[in-house]
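As structure tokens, the structure follows; a few thoughts come after it.
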Amino acid sequence: MRNRVIGPKSIPARVAAAAMLALPALAASGPVIAQDNAVLRFGLSAYPPGLDPFRHEGAAGHDVKLQIFRGLLGLNGSGEIVGELAESWEENGTEYVFHLRQNATFHNGEAVTGEDVKWSLEQIRAEGSTAYFKDELQVITEVEVIDDSTVRIKLDAPTPAFLKLLATPYVPILSREAGLEDPVGAGPYRITATEEGVAIEFEAFDDYYKEGYPKTERMRMIAYRDENLRVAALEAGDVDIIEYVPWQSMAKIEDDPDLTLQETTGPNMVLNFNVEQPPFDDARVRRAVCNAINRKDIVDAAFYGRGAPLEGLPLDENSEVADDKTQTLFGFDMEGASAALKDSGATGQEVTLLSSSTYSMHQDTALVIQQYLINAGLQVTLDLPEWGARVAQGNEGQYQFAVNGSGTVVNDPDGLTAMIGSGTPSYKRSYGYSNEELDALLKKGRHELDPEARAAVYDEIAQIVAEDVPLCPLTRRTQGFGLRQGVEGFHALVGSASGYSAFGLEAVTLD
Amino acid sequence: MLSYTIRRCVVALLLAVSVASLVFFALYLVPGDPATMLLSVGGVEPPAAAVQALTEELGLDRPVLVQYLDFLGGLVTGNLGQSFANGDTVWSMIAVRLPRTLELIALATAISLAVGVPAGLAAALRQGRTVDRLFSFTASVQMSLPVFVVGTAMVYIFAQRLGWVPAGGYVPLAQDPARHLVLVLMPALAISVGFSAIVFRMSRATVASVLTKDWVRTARAKGLAEGRVRRWHILRNALGPVATVVGLEMGGLLGGSVLVEYVFNYPGLSGFLVTAIENRDYPQIRGTVLVIAFLFILLNLLVDLLYMLLDPRVRD
Amino acid sequence: MDKTRSTQRRGPGALELNLGLLVALIGIAVLGPMVWRLDPTAMSIAERYAAPSSAHPLGQDNFGRDVLSRLLYGARTSLSIAFATALIAATLGTAAGIAGGYFGRFWEFATLRVSDVLLAFPPILMALLVVALFGPSVATLVICLSILYVPNFARVAYGETLSVRRHEYVDAQRAFGARAPRILARSILPNIAGPVLVQFSLTASHAIIVEAGLSFLGLGVVPPTPSWGLMIRAARAQVEVNPMGIVWPSLCLVLTVFVVNRLCDALQARFNPRSANAARASRQSVSEEVVYRAPEAASDALLSVSDLRTEFLTEAGPVEAVSGVSLDVRRGETLAIVGESGSGKSVTALSLMRLNERGTTRMSGSVTLDGRELMTLSDEAFRDIRGNDIAMIFQEPMTSLNPVLTVGTQIVEAIQAHRDVTRAEARAEALRLLDRVRIPDSATRIDQFPHNFSGGMRQRVMIAMALAGRPKLLIADEPTTALDVTVQAQILELLKELQREDGMAVVFITHDMGVVAELADTVAVMYRGKLVETGASETIFAAPEHPYTRALLASVPRIGAMAGQAHPLRFPEVDRATGIARQAPERRDTVRRDADPVLRVQGLVKRFELPGRLLSPSPGRVHASENVSFDIHAGETLSLVGESGCGKSTTGRAILRLTDPDAGEVQLAGRDVTGADPKQLRALRREMQMIFQDPFASLNPTQRVGASIAEPLLIHDRARGAEARKRVEDLLVRVGLSPEMADRFPHEFSGGQRQRICIARALALEPKVIVADEAVSALDVSVKAEVVNLLMELQETMGLAYLFISHDMAVVERVSHRVAVMYLGEIVEIGPREAVFGDPQHPYTKRLLQAVPVADPSRRGQRRSVPAGDLRSPVRPTDYVGPRREWRRADAGQLVMSWEEDPEWAGSSTLSVPS
């Protein structure tokens, strides 16, 4: 375009142009985008619905709770289990002894003692508890306070995942004195102010048990429910770190010299089936569905090329049992799938795929699957209720097959039990699915301490899954954190630990 | 006038309660169990025993009618109940959200009135001239712009591209007044795009109709200065219908600013309601709907009373 | 003001343009996908975000789907949801609104309350709940939105139905015995269709936006169905990768809504005559133009008008409303400008004040006041003349005062506009002025609002305001036309007095020759914008020269002119060209006294309870009709006279059971009307018809007049098809119209013609009794004479009995056999016309007759002055029990209610006053 000379007639245009130029200057001069370097600003994906120390209240809940509560164990920047309130520990199959840090104090100034540990664990396991780990911790038979800084925990059976469970935000140690009404923890930060639905302000806890931590004196967590705005806020410099970078924005953040993207693989996407109804009561049809989908397209379309196809058991990428035998069960074979459908008489059948409009990844995944299954010969329509109704339908089995986001709670293959084992109906499982052989193997795997023997058990499980198809693995999606230039010391954790990355916020520095 | 006001208040109260009751029963038809939803934020499966315990704790295992009577009893004592999500009283949570929404609505209304009324007057006095046509056309365009398109464009241009303003959100006034103002102004402006056009059109239409009234001719026949004719005889008579439309529009925004709040990440009442529905937080939904409905009805009442002040004929 | 309704049709305008655009959009939505046959859901992930190509002119989206076909299908989704929603909501809402508005009671309550509850619902919450309940789908969305929009339609339909129901054509249809469904279908629905249609387009445009908004939130249309809202939602996340992805659907959305909005505006302009007028006026942007033409000769008069011309610039070109009027007014003189509607007399008055509509009026000529030329003055300079040197009062006292300001404020501002005085001084002056115009208790009244004043009192306030500037000239534009005759007499009296005191000149615009004779020193007669005759008032009345003046005067009913006549007499027939009047032949006696009365009314009572407030009982009752009794024979005309609010119309309506009487008995040809069940009533209504006052409101504007006339025939199955057509033509001929007029619409007729059509309709069933409720009051004097003549002629040929309800004493004297005078709901005097007019007994009858101005300047001043004060209100306390009434027969044969005990009339002479 050539430059046009502005004639005398367009004086208003010039005034307008001048005003436009003046505006950013004005904005910049004001405190509007002023930076406060002493404060670490973290963009949450939601405002935590509550701060119950034992309940699961979403990723934003973890982010906040990990700052104010800590448990016996935690995860370091590489995802390894490290001591938090426990300085060290010994284990022998069914018995664990934890030695507490001498300098650990609660925010109310009280020292952290063995009684507090016993009391906290009892609250989780108590009758009528709504704790997320209520069932998981039933494996504990006794908590014995040896002295103020030593606790012995006895289990009813060897449980390789036990330490992993303790290194989550679900098992915080709280002050017995303070009680549950107004829980007090021993985390690196204290909440100084909350603006409901907007932001939570933190201040470093002076008597935190790790010397020199937290690195940043003050922190503000600001909620951005809308993913696009969360990115915009990072770009505009409103925040220093954001979680859940939407996949479509990852490339943009990578390309931006002012920003950094930390991307790791996280949870998985799978298909669940209602096996009490035709056509998915037939394993052949389920298998055909598994083979009819080109998972690469889901990765490309729903996740913008981020992540990887998942063709085996839905385990973490770095799971100790993730090998070829468990990870390559289903491949893309359209012809085979069409033939299999024809054989089982399912071709031309009308089926409804349940997904949810609340999350675009669920919806977009369903869209791609719909196209492939139509090609394979099934008449697929979509049912896309909002998330609440989607969960209810899943729990009650009001679906034929459904897109699901799935991950283990901790990086342990025993997490599979919740997905493919028998149990109470849940939207997390294929409705009505039960396989005695699988159940026996899952139980065996859960209590097997020897790594090699354990890996063999899960290889066997993989074979049954490939045959009976209790679920259809789809993709391994990635999770991304966006960071401003100058933010140091943050590490996004891998796989199921991805949601616990906020453990590391205490180490973050700003330049 | 007093008895009229009292009667309107009683009717308003009944109306609000019937709206809330309607919502109460409608919620029982909605799929999704609150206990499950609460324990499974972000799609993580809750333990069955925990769900059962919570169901009992929240009193959701009692018969619907008992729960309804409980709810009505709470209303009588001014108790909206406790949120399922975090046990806070519903009212305390609404009390945090409501002022934000009211501020947003008030600002949007102020902008729309400041723009719409003078423009409407100017256009009506110059019917058919260029000014009128230009304004009317602009207003039609404004009314055709959905608020989420305007808001998205604003965020993209001003925050993401130009970086002049933050990308939405909210900061309390006490914390940072300038930023607070900017953050409220953005969604308020987005609302004003359509709202001011509505005010403009109503102002133009009523002024145009008042202009044809005999008393305006009388005023001119008295030899009054044109300014006085406009202010005292034209504008005052035109304000009633404009107030009605503005009141209706403001009421609509009470529950209907959800798109704006979504686009600008503004933590107002609408967005809160959406979250409450997602979480199946019945007391929260009921309480919020009740408050919104009541405010809406109150707003209509205020408009009626304003009408009475503006028009002595209604007063008697 | 002239009451012609313009029916100008504009050429292809905004409506046609936008309708065309919308049809084009619908066409694209319907046909587009058939032409552009790419599957909008077919994915090609490899080609995601592909740039526009010949195969995909607008490129491909994140699934590699064709953007163009998605837009086209999106249009389908958007428009079909919008129209389905609007259609369902319109059907349900309109039905509810009509039911509520027409049937009232339960239906009204249900409609309004349900609407209230629905309207108090936050719409988005409603949508969320419903979506959560049924899951998102197009059907869910349509149902949910429809429910949300029902109240809007219900309210519009309710309000419009209420207003249409008040129109006399609905009453007329009921009077024929039409059942409710027919009335709803033929009268209500067609006449509320306009506003409902406007609401329809409003709803459609809103629905498009809401659908897009909900889809944007992920709660509307279910993917993969293409929807613009969904496309925006998806594209919003991909702005960096695919900027055009958000632009296309946004553009489509905005454009569609814009077209529907503009269409809605155009519809509104078409259906709302007021805004249509405004639009019409606004189309011309010619500024006000004043051309000065020097007067031919200098004049020593106070006001001298020379060759005044006023043109209105309309779409059809300039229309000259005043064509070269020249006249002089001397100091202290009263000039009456007379003429029928449309003669340009009001425009002349407004032109003198430069108060014609700005921007569309062109004036030329010369106007001098005290030798000072006014035409060349600037607007600013002229403002100082207005209200100061020349003041003006208007016809409608009810609307000429600003309702939201106290009368004090309005007078004070008039004073302060021209005099440099403080507010307090101005207020003191305003009080003096109110006293001067004889407003009782002025110190309290000054702070009241116009609606606290009666019509007469308001006109006094207007006069006080006009006097504020101590004007040299007062222009009074039909100041008493809207007032009752006794109030009119008071106002005329006041004006005369003020004029005497101040030496003010008055230009008096009127159509009432009686008022002219009463008041004017000189008369100027206008006809079609021209001044046809000017002269001293005595001269004009005694020896009119212009044929029009002669014709006009011949048609004017003069009270007292019937003295000595045995039977009612038709008006003389006037040749318009020559102005020569041919006296009508004497009528034979048409009254069938030998038979029983055809209509017998006994002790009819109708009271209206005033609505009570919460916790307070009804403040009282209007005794509209109190123990009214009379008989009418076949071939007889009984006139029911009285002033506004006296209950004469209510009595007429109660007899036809258009309102159900509270007590009393009505017998039609020996059959009971008051106790008749619906079926019997329908049968009875064949025998009894009504003609209404407003010829503009008594014909259904959406029906051809032929259909209107045929309506009663069809309802009673008297004739169908060609036979009905034949009957309609006969009827049209009978009322002096031509048969082919049956195919026209009411708006194509003048007021007189419409009234003839109404008469034809009333005659269709060959009734025995016709109730004519102010049937000629709204008509111009010459037309009035013609219609009255027609009524009388029909009585002669068909033996009709008339209940002639009127406030016009002069006409009543012409047409009546007997006269009943009503006052506050009661008949105070009833008897033969000669007796009531020649020898009135009751003080009220006397007062009424005295107040009537006589169209004869030579009898000016013979009237006794009428005491100031308002008419008494017919509102009584709920526990009011009327006194026992005594009746006595007067010498001349009339029955008179005794009044001696009534304090109101105490001291009134029982002697008759010679008139």
Side-chain angles (χ1 to χ4, degrees), chain B residues 3-4 6-7 15-16 18-19 22 26 29-32 127-129 132 140-141 143-146 148-149 152 156 205 208-209 212-215 217-225 228 232-233 236-237 252 254-256 258-259 262 270 273-274 277 289 292-293 296-297 310-313 316, chain C residues 116-117 120-125 128-129 132-133 209 212-213 216-217 232 236 239 246 250 253-254 257-258 261-262 265 274-275 278 281-285 353 355 383-388 391-392 394 396 399-405 413-414 417-418 449 451 462 465 468-469 613-616:
Chain B
S3 87
Y4 174 78
I6 293 172
R7 191 177 52 177
L15 211 56
S18 48
V19 168
L22 210 63
L29 300 173
V30 175
Q127 281 174 59
R129 310 269 182 90
D132 179 34
S140 293
V141 174
M143 287 180 71
S144 315
L145 290 170
F148 59 94
V149 170
T152 304
Y156 181 68
S209 105
T212 66
K213 299 288 187 206
D214 290 345
W215 69 73
R217 191 181 54 188
T218 306
R220 295 218 166 105
K222 284 192 286 195
L224 295 187
R228 189 176 171 92
W232 284 74
H233 293 272
R236 265 197 75 156
N237 281 288
L254 270 174
V258 58
L259 281 163
Y262 178 83
S270 307
L273 193 58
V274 175
I277 292 176
V289 172
I292 288 177
F296 181 81
I297 291 158
L310 288 173
D311 192 340
R313 284 168 296 183
D316 295 337
Chain C
D116 281 349
V117 170
F121 242 95
I124 288 290
L125 167 84
L128 282 172
L129 279 178
L133 194 61
I209 290 194
F216 176 77
L217 286 177
I232 296 174
R236 178 165 168 260
V239 177
I246 197 164
S250 300
L253 182 62
V254 171
V257 176
F258 183 75
N261 276 346
R262 294 299 275 192
D265 288 351
R274 193 195 291 138
S275 70
S282 65
R283 289 201 135 213
Q284 297 279 350
S285 54
M353 288 292 272
L355 284 173
R383 189 169 296 144
D384 206 44
I385 303 285
R386 265 190 219 141
N388 200 17
M392 188 161 179
F394 301 96
E396 288 291 342
T399 56
S400 293
L401 288 168
N402 187 338
V404 306
L405 299 179
E413 67 175 3
H418 300 290
F449 290 91
H451 70 271
M462 283 295 291
M465 213 147 55
R613 298 278 167 89
L614 184 80
L615 310 173
S616 63

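Just so we're clear, the structure is a prediction, and the values are computed from it rather than from any experiment.
- The most heavy-atom pairs under 4.5 Å with chain C, out of B/Tyr156, B/Trp232, B/Phe296, B/Phe148, come from B/Phe148.
- In this structure, the side-chain contact (heavy atoms from CB on, under 4.5 Å) partners of C/Ile209, at least two apart in sequence or on a different chain, are B/Pro146, C/Val257.
- Looking at C/Ile385, there are no atoms closer than 4.5 Å to chain B (heavy atoms on both sides), in backbone or side chain.
- Top candidate by heavy-atom pairs under 4.5 Å with chain B, chosen from C/Ala468, C/Pro403, C/Gly387, is C/Pro403.
- Residues C/Ile232 and B/Val149 are in side-chain contact: their nearest non-hydrogen atoms beyond the backbone lie under 4.5 Å apart.
- Summarising the geometry, atom NE2 belonging to C/His418 is positioned 10.0 Å from atom CD belonging to C/Glu413; distances are rounded to the nearest 0.5 Å.
- Between C/Leu405 and C/Phe449, the closest side-chain pair of non-hydrogen atoms is not below 4.5 Å.
- The parts of B/Leu224 that come within reach of chain C are both its backbone and its side chain, each placing non-hydrogen atoms under 4.5 angstrom from that chain.
- Comparing C/Arg236, C/Glu396, C/Met462 by heavy-atom pairs within less than 4.5 Å of chain B, the highest count is held by C/Arg236.
- The shortest side-chain heavy-atom distance between C/Arg386 and B/Arg220 falls under the 4.5 Å cut-off.
- C/Asp116 touches chain B through backbone and side chain together, each having a heavy atom under 4.5 Å away.
- Residue with the most contacts toward chain C among B/Ser140, B/Ala219, B/Ala225: B/Ser140 (heavy-atom pairs, distance under 4.5 Å).
- For a residue to count as touching a neighbouring chain, one of its non-hydrogen atoms must lie under 4.5 Å from one of that chain's; by this rule B/Val141 touches chain C with backbone and side chain alike.
- Applying the ring pair (Phe, Tyr, Trp, His ring centres under 6.0 Å) criterion to B/Tyr262, with sequence neighbours excluded, gives C/Phe216.
- B/Val258 is not listed as a side-chain neighbour of B/Leu273, based on a closest heavy-atom distance of 4.5 Å or more.
- Among C/Met353, C/Arg262, C/Met392, the residue with the largest count of heavy-atom pairs under 4.5 Å with chain B is C/Arg262.
- If you tally non-hydrogen atom pairs under 4.5 Å between each of C/Ala212, C/Ser400, C/Ser250, C/Ala417 and chain B, the highest count goes to C/Ser400.
- Neither the backbone nor the side chain of C/Ala391 comes within less than 4.5 Å of any heavy atom in chain B.
- Taking the charged nitrogens against the carboxylate oxygens, B/Asp214 and B/Arg217 do have a contact shorter than 4.0 Å, which makes a salt bridge.
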